[in-house]
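Below: one structure, written as structure tokens.
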2 protein chains.
Amino acid sequence: MEEAREEPRVEAVYRQLKAMAVDFRLRPGERLNEGALARDLGTSRTPLREALNRLVAEGLVTFRPGRGFCCRSLDAESVFDLYELRAVLECAAVGLACARAGDDGIAGLEATLAAQADYAGKTVREVTAGDEAFHIAIAGLSGNGELVRQLQGINERIRYIRWIDMQTRVRTTKGEHRAIMAALAARDAPAAVAAMQGHIAKRMDQVVAAVREGYSSIYVPGHAVLFDRPLAGGSDDAQSRHG
Amino acid sequence: MEEAREEPRVEAVYRQLKAMAVDFRLRPGERLNEGALARDLGTSRTPLREALNRLVAEGLVTFRPGRGFCCRSLDAESVFDLYELRAVLECAAVGLACARAGDDGIAGLEATLAAQADYAGKTVREVTAGDEAFHIAIAGLSGNGELVRQLQGINERIRYIRWIDMQTRVRTTKGEHRAIMAALAARDAPAAVAAMQGHIAKRMDQVVAAVREGYSSIYVPGHAVLFDRPLAGGSDDAQSRHG
DNA sequence: GAATGCCCTTCTGTATACAACGCCGCGTGC
DNA sequence: GCACGCGGCGTTGTATACAGAAGGGCATTC
């Protein structure tokens, strides 16, 4: 079972467009030319517009009647709001997970975390995907499917920022994840929530400050290639070697 | 300035379809015939499908490739998840509002609440709209636009259930709202969060139980007319008169 | 020289046409 | 008698055509 071989045009277009919007290959403020975009994606305008409408509802693309679609912009306020919302949801998730997760679920999460221990040779994209997967897995352990769904929507909108952030913060992430994991394994909800809150809030401060102080060249062309460059470091002991 | 006189077809279609989906005039499980629906709405299939795609992304409509669109269904699990998520978001909102709301914002909210005191002659739809508006206004005072946005999306999905719930619970709502308002005015975040949590959790238990125990005729045809019937009661003193 | 109005181009908004797929009923074969 | 296959009908999926609006450039006028 490689994949469902029946994939409608619009589905492929949708996924491609989403990927383009997430990593800002569609630049904000710039009107998307439907004709050209449809040609590039090898389709017609009808499925293209259907896909774009879905992305509008998800907040990845904006739409102004008569003027067409354009990619969202990431100002400091939106980033702050999204990070704050993410913190709220993830803290709630980990608290619920402490109460509801099965032992096998926690064991599985620990295994996943262990598998991510060595990030040597991985790209920023891959490491960030692992980070996101860890957080989503916790949300999954909360048992609330809607919570997972909302969180995924938020993740898509801040993924670009997390890529940037992850370029410099790889090493501190792991320890914080371990602390969250430990509290979760101990079913210590207050500790888990506190650890999660601290984990996200620290990132939020750094990220929002960066966006606010004019580093709004977050979406510069050519930036994206950095995310596919393998990282230098090895296991988490690398941190002490650098110290 | 009555309204922006330039309203594209798709926008009108979208709002009409959303209204139909919210109050389950589109019945769940039943395939929507695009041709017929387009004819009914006086448009063609293209804008109809664009609107439906937006509703899919919002979770009001589901879509299965090759088989078309149909209205979401509200099983007990979804309702539980949505209420739980709503509680998480609203508790966070009221906590943030305690810290951030301006005095004028709080005054405005108090005025709104006072204006809702008398529900004599109002329909369930109207009273529920007021209830929702109160909660959304609190979220607005949190200063987090994304939080408001997410909450509105959730509200649309559970509005039908709140209509049903509100038929019997009108009177208790008001006192609870006053308690939340008082804690918010006193900037007492823990009390406000606790009041909000209790307010929503109480409703959640009742509502989920009702859905779970086979009262899944929540979306029976003809049910909707009840929501447009004026209520009997008067001001909140009515409660003591009944007691 | 600058500003404003008009025309042209290009793009969006919507309808419609056609192709492909799924669904249902019937017939045939085992 | 049951199951499998086939064909017709209806629906969805996609392309394309056309109309209307927005934006830009040029000319004209003050």
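Below, chain A is the first sequence line, B the second, and so on; all start at residue 1. What you see is a predicted model, and the numbers here were worked out from it, not measured in a lab.
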Among D:dG23, D:dT14, C:dG13, the one nearest any side-chain atom of A:R49 is C:dG13

A:R67 atom CZ is separated from C:dT12 atom P, nearest whole Å, by 13 Å

Donor-acceptor pair, side chain of A:N144 and main chain of B:D81, under 3.5 angstrom = yes

* Go through A:E132 and A:R125 one step at a time and tell me if the salt bridge (charged side-chain N to carboxylate O under 4.0 Å, His left out) criterion holds. => CA-CA 10 Å; A:E132 225 180 272; A:R125 274 190 147 92; over 6 Å; no

Base C:dT14 paired with B:T43 side chain (donor-acceptor, <3.5 Å):
no

> Is there a donor in the side chain of B:D75 and an acceptor in the side chain of B:S78, or the other way round, less than 3.5 Å apart?
Replying inline: yes

Residues at least two apart in sequence or cross-chain that pass ring-ring contact (aromatic ring centres under 6.0 Å, His included) with B:F69, listed by chain then number, are B:F63

Expected list for residues 31-41 of chain A near DNA chain C, using heavy atoms below 4.0 Å, is A:R31, A:L32, A:N33, A:E34

| request: Answer yes or no for A:R159 and A:F24: cation-pi contact, defined as NZ/CZ to six-membered ring centre under 6.0 Å and angle to ring axis within 45°. | output: no

To the nearest angstrom, the CZ-P distance between B:R54 and C:dG13 comes to 11 Å

B:L52 CG to D:dG13 C1', in whole Å, measures 14 Å

Checking side-chain polar atoms at under 3.5 Å, does B:R49 have a donor or acceptor matched by the opposite partner on A:T46? no

Which part of the nucleic acid does B:R45 contact within heavy-atom distance under 4.0 Å: base, sugar-phosphate only, or nothing? base

B:N53 atom CG is separated from D:dG13 atom C1', nearest whole Å, by 12 Å

### Message
Just to be sure I understand the rule, does B:F69 reach a base, reach only the sugar-phosphate, or reach nothing, if contact means heavy atoms closer than 4.0 Å?
### Response
nothing

Requested in this report: Using only side-chain N and O atoms of A:S44, determine if any of them is under 4.0 Å from OP1 or OP2 of D:dA15.
Outcome: yes

| message | What I want to find out is whether A:E84 reaches B:R100 closely enough, with some N-O distance under 4.0 Å, to be called a salt bridge. | response | yes

Taken to the nearest whole Å, CD/B:E50 to C1'/C:dT14 is 9 Å

Separation of C:dT12 atom C1' from A:L48 atom CG, nearest Å, is 12 Å

Taken to the nearest whole Å, OH/B:Y14 to P/C:dT14 is 15 Å

B:F63 CZ to C:dG22 C1', in whole Å, measures 13 Å

